[in-house]
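All values reported here derive from a predicted model rather than from experimental measurement. Order of appearance sets the numbers: ligands from 1, and atoms from 1 within every ligand.
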Amino acid sequence: MHKLRHLCLATVAKVSTRLKCTEGRPCAPLGSRILTNPDDIFKHNMWDHVQWTEEEVKNAQLKAKENSSVQIPSWEQGTFDTEACHYWDTFYVLHQHKFFKNRNWLLLEFPELLPTDLKSQTGNCHDSSTPNLPQDAALEPNQAAVHLSYPGQRAPFRLLEVGCGVGNSVFPIIRDIKEKGAFLYCCDFSPCAIQLLKGHPDYDDSVCHAFLHDICEEEASLPFPPQSLDVILAVFVLSTIHPDRIQGVVNRLSSYLKCGGYFLFRDYGRFDFTQLRFKKGQCLSENFYTRGNGTRVYFFTKEEIHDLFTKAGLEEVQNMEDRRLQVNRGKKVSMRRVWMQSKFRKPYPLSPC
Ligand SMILES: C[S@@+](CC[C@H](N)C(=O)[O-])C[C@H]1O[C@@H](n2cnc3c(N)ncnc32)[C@H](O)[C@@H]1O
């Protein structure tokens with residue numbers, strides 16, 4: 001009975017919050033498969049909205065404390081930063097496009113990726129009353145000259161996915177933007193990933209431009225002007241970056257958003273199963289670990305995400321923990337998953353600069 005109570009977190013309040021539509025947009029359903037009877041646990045692979053008991057929270061805190069009690073010495077840590085690109089590239093050489101699954105849920109959870117009316121969403125940050133001005137009108141004269149011509153320039157709606165890997169988010173998006181005239185940029189710092197993505201039969205350079213880019217590189221330029229993007233998408237990428245560098249990355253990327261544009265984010269949450277599974281000696285700093293292959297992962301809280309994006313000048317639209325119970329029916333084991341899902345928007349200035 002006790003078990004049943006904590007599994008059955010399907011509180012009406014939570015579900016009804018989820019079903020509320022934001023600003024006339026379609027609802028973003030996070031799934032409504034609720035485990036009400038513990039005997040049913042192995043009937044499905046995933047259960048939604050799983051509440052944790054106080055005891056489970058305490059156990060998770062203890063496990064994280066224990067596995068971070070031995071940290072990798074700071075003099076050994078630099079390599080994980082300087083060689084980050086190499087570690088990820090080696091990962092893709094090894095796994096090719098077989099590791100991650102296509103994120104087919106993307107447009108359901110993030111309808112902002114493809115609004116029904118592509119033209120009315122975002123605009124020139126200098127004048128909140130005229131959101132549909134040609135984008136170069138938002139630029140200083142010298143910026144406009146540098147970006148006289150760029151891929152996707154004529155598209156009414158432009159998206160960027162950072163850390164796109166081999167395209168597990170790109171291809172579900174491309175499939176849907178084709179008829180809409182939108183344009184997708186996507187970048188990763190792994191040459192192997194970008195090569196695999198561009199070699200995929202569904203890659204289509206009439207609607208997509210994939211390029212090599214390190215989002216931590218402060219001076220590196222992007223192939224479009226500032227304030228030219230309607231949406232930026234970061235799926236399980238910011239967690240791979242050193243926590244001290246994430247703010248700079250979000251600040252820089254946000255400068256490419258138009259006013260009214262969205263930064264959409266999905267990533268690991270604090271005390272996710274994968275965090276608690278780390279062994280002593282894999283911890284770099286609090287809630288930041290390295291895997292055996294040299295890639296790294298950070299586990300976020302809602303508060304950290306709120307601070308990260310609001311400090312970059314964006315306003316919160318959604319910031320939620322997606323807590324689920326993932327079930328391996330073959331092995332009869334269950335895992336408590338915690339993912340963060342957030343949407344932040346660039347506001348229009350109160351008065352034109
Ligand atoms: C966990 S994978 C996620 C890939 C993809 N977003 C997805 O959802 O399948 C993280 C990706 O971020 C990329 N990445 C990590 N740090 C990066 C950086 N500084 N600049 C660009 N890409 C980076 C890695 O190469 C890798 O492809």
Open item on the list: For Phe236 together with Phe100, are the ring centres under 6.0 Å from each other?
Closed with: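 When the ring centroids of Phe100 and Phe236 are compared, they turn out to be at least 6.0 Å apart.
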TODO: Tell me whether the centres of the aromatic rings in Phe110 and Tyr262 are closer together than 6.0 Å.
DONE: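 Centroid distance Phe110-Tyr262: not below 6.0 Å, so no.
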Task: Lys/Arg N to Asp/Glu carboxylate O, Arg296 vs Asp81, below 4.0 Å - done: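 Yes, this pair counts.
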Task: Glu304 bridged to Arg270 by N-O distance under 4.0 Å - done: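 Yes.
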- [ ] Find out whether Val162 and Val249 are in side-chain contact, i.e. whether some heavy atom of one side chain is under 4.5 Å from a heavy atom of the other.
- [x]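 Sidechains of Val249 and Val162: no contact.
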TODO: Apply side-chain contact (heavy atoms from CB on, under 4.5 Å) to His209 and list each qualifying residue two or more places apart in sequence or on a separate chain.
DONE: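 For His209 the side-chain contact (heavy atoms from CB on, under 4.5 Å) partners, ignoring immediate neighbours, are Pro151, Phe183, Tyr185, Phe211, Pro223.
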Between the protein and ligand 1, are there any N or O atom pairs that come within less than 3.5 Å of each other, and if so, what are their names and distances?
{"residue": "ligand 1", "atom": "6 (N)", "partner": "Glu161", "partner atom": "OE2", "Å": "3.2"}
{"residue": "ligand 1", "atom": "6 (N)", "partner": "Gly163", "partner atom": "O", "Å": "2.7"}
{"residue": "ligand 1", "atom": "6 (N)", "partner": "Val235", "partner atom": "O", "Å": "2.9"}
{"residue": "ligand 1", "atom": "8 (O)", "partner": "Arg103", "partner atom": "NE", "Å": "2.7"}
{"residue": "ligand 1", "atom": "8 (O)", "partner": "Arg103", "partner atom": "NH2", "Å": "3.0"}
{"residue": "ligand 1", "atom": "9 (O)", "partner": "Arg103", "partner atom": "NE", "Å": "3.4"}
{"residue": "ligand 1", "atom": "9 (O)", "partner": "Arg103", "partner atom": "NH2", "Å": "3.0"}
{"residue": "ligand 1", "atom": "19 (N)", "partner": "Asp214", "partner atom": "OD1", "Å": "2.8"}
{"residue": "ligand 1", "atom": "20 (N)", "partner": "Ile215", "partner atom": "N", "Å": "3.0"}
{"residue": "ligand 1", "atom": "22 (N)", "partner": "Phe189", "partner atom": "N", "Å": "3.3"}
{"residue": "ligand 1", "atom": "25 (O)", "partner": "Asp188", "partner atom": "OD1", "Å": "2.6"}
{"residue": "ligand 1", "atom": "25 (O)", "partner": "Asp188", "partner atom": "OD2", "Å": "3.4"}
{"residue": "ligand 1", "atom": "27 (O)", "partner": "Tyr92", "partner atom": "OH", "Å": "2.5"}
{"residue": "ligand 1", "atom": "27 (O)", "partner": "Asp188", "partner atom": "OD2", "Å": "2.6"}

